[in-house]
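For reference, the structure discussed in these notes is given below.
Keep in mind the model is a prediction, meaning the values are calculated, not measured. Sequence positions, counted from 1, serve as the residue numbers for this chain.
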Amino acid sequence: AFAFIDDNTIAGGTPDELKQSIDLSKGKGKSVLDNAELKNFFAKLKSNAIISVGFSIPKENRKMVDGGMFKLDMSKAETFIMNIGHENKKWEGNLILISHNEEANQSIVSAINSMKMLAAAAGPEVNEAVQSFDLRATADSVTAEFSIPDDLFDKLQKQFKERKGGLGMF
């Protein structure tokens, strides 16, 4: 379920989670920022966000993901946080997967880096955009930061329109 909380906020989740979001917008309840661990991760996000997203990963979805060539251990994945902003003629963002499994986190980064190498086949613009994602694994998280200049974003948009939607991203 989704709800428009105010002009700048959309919340999604179960009805109870939506009620919590509405209550928080009215100053009632505990914010995710009251959680010391999550607060540290939110502090790492860039401040120029146009879009910020954070959600808990349900326990029933915390498992091994079989993606064919790549198997990703998401058994310890707890929370996903993302923000995207635009400043100085470039799109920037952070993605953080909170997962307390260093070996699995490194495996996720290795798998994504392998997939990034395949981007070259999609053309130089796609490759440049994909290579702008800097991935890191720690004992507690997988992080990705990116920065895509407006001119590259415009080229990508034009390329996908010429392909009549391409990957459906733009």
Side-chain angles (χ1 to χ4, degrees), residues 1-67 70-102 104-109 111-112 115 129-130 132-150 153 156-157 160 165-170:
F2 288 92
F4 292 90
I5 305 295
D6 58 38
D7 290 344
N8 299 310
T9 309
I10 301 171
T14 65
D16 286 341
E17 291 168 332
L18 288 178
K19 183 179 179 332
Q20 287 177 337
S21 296
I22 292 167
D23 288 346
L24 279 172
S25 73
K26 295 177 180 177
K28 301 175 193 171
K30 289 183 98 176
S31 167
V32 68
L33 296 177
D34 292 332
N35 177 312
E37 179 187 19
L38 292 179
K39 188 174 187 172
N40 289 332
F41 284 103
F42 275 98
K44 296 175 185 177
L45 298 175
K46 297 186 183 299
S47 62
N48 64 342
I50 295 171
I51 299 170
S52 293
V53 175
F55 61 86
S56 296
I57 298 171
K59 288 186 182 191
E60 61 270 15
N61 292 346
R62 298 179 191 175
K63 56 188 171 188
M64 183 68 74
V65 175
D66 186 352
F70 304 104
K71 292 176 179 28
L72 305 176
D73 183 354
M74 302 291 280
S75 62
K76 304 287 185 191
E78 297 174 5
T79 306
F80 177 77
I81 303 167
M82 173 187 81
N83 78 340
I84 299 173
H86 187 263
E87 190 172 72
N88 299 322
K89 297 185 179 185
K90 60 186 171 188
W91 291 93
E92 299 178 307
N94 307 77
L95 298 94
I96 302 172
L97 174 68
I98 300 171
S99 172
H100 302 288
N101 184 338
E102 187 170 13
N105 294 345
Q106 187 56 53
S107 177
I108 290 168
V109 167
I112 294 171
M115 287 183 249
V130 169
S132 77
F133 280 78
D134 177 34
L135 297 153
R136 291 181 301 278
T138 68
D140 297 315
S141 67
V142 174
T143 61
E145 293 184 6
F146 68 89
S147 179
I148 300 174
D150 283 352
F153 190 82
L156 288 167
Q157 195 170 21
F160 284 112
L167 299 174
M169 296 174 55
F170 301 95

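A heavy-atom distance below 4.5 Å is found between the side chains of Thr79 and Ile81.
Note that CG of Leu135 is 10.0 Å distant from CD of Gln106, once rounded to the nearest 0.5 Å. Between atom CG of residue Asp140 and atom CD of residue Glu78 there is a gap of 9.0 Å, rounded to the nearest 0.5 Å. In this structure, CG on Asp150 lies 10.5 Å from CD on Gln157, to the nearest 0.5 angstrom. We find the CD1-NZ distance between Ile5 and Lys26 to be 9.0 Å, quoted to the nearest 0.5 Å. Put simply, CG on Asn83 and CD1 on Ile50 are 10.0 Å apart, with the number rounded to the nearest 0.5 Å. Rounded to the nearest 0.5 Å, atoms CZ (Phe80) and CE (Met74) are 9.0 Å apart.
In this structure, Ser141 contributes its side chain and Ala137 its backbone to no donor-acceptor pair below 3.5 Å. In terms of modelled atom types and a separation under 3.5 Å, the side chain of Ser132 and the main chain of Ala129 share a donor-acceptor contact.
Nearest heavy atom pair, residue Ser147 against residue Pro149, reads O-CD, 3.9 Å.
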Starting from the C-alpha separation in whole Å, work towards a yes-or-no answer on side-chain contact (heavy atoms from CB on, under 4.5 Å) for Ile84 and Phe146. CA-CA 9 Å; Ile84 299 173; Phe146 68 89; 4.0 Å; yes
Would you mind writing out the side-chain donor-acceptor pairs for residues 91-99 within the sub-3.5 Å range, not counting sequence neighbours?
from: Glu92; atom 1: OE1; to: Asn48; atom 2: ND2; distance (Å): 3.3
from: Asn94; atom 1: OD1; to: Lys46; atom 2: N; distance (Å): 3.1
from: Ser99; atom 1: OG; to: Asn105; atom 2: OD1; distance (Å): 3.1

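We find that Arg136 and Glu145 are joined by a salt bridge, their nearest charged nitrogen and carboxylate oxygen being less than 4.0 Å apart.
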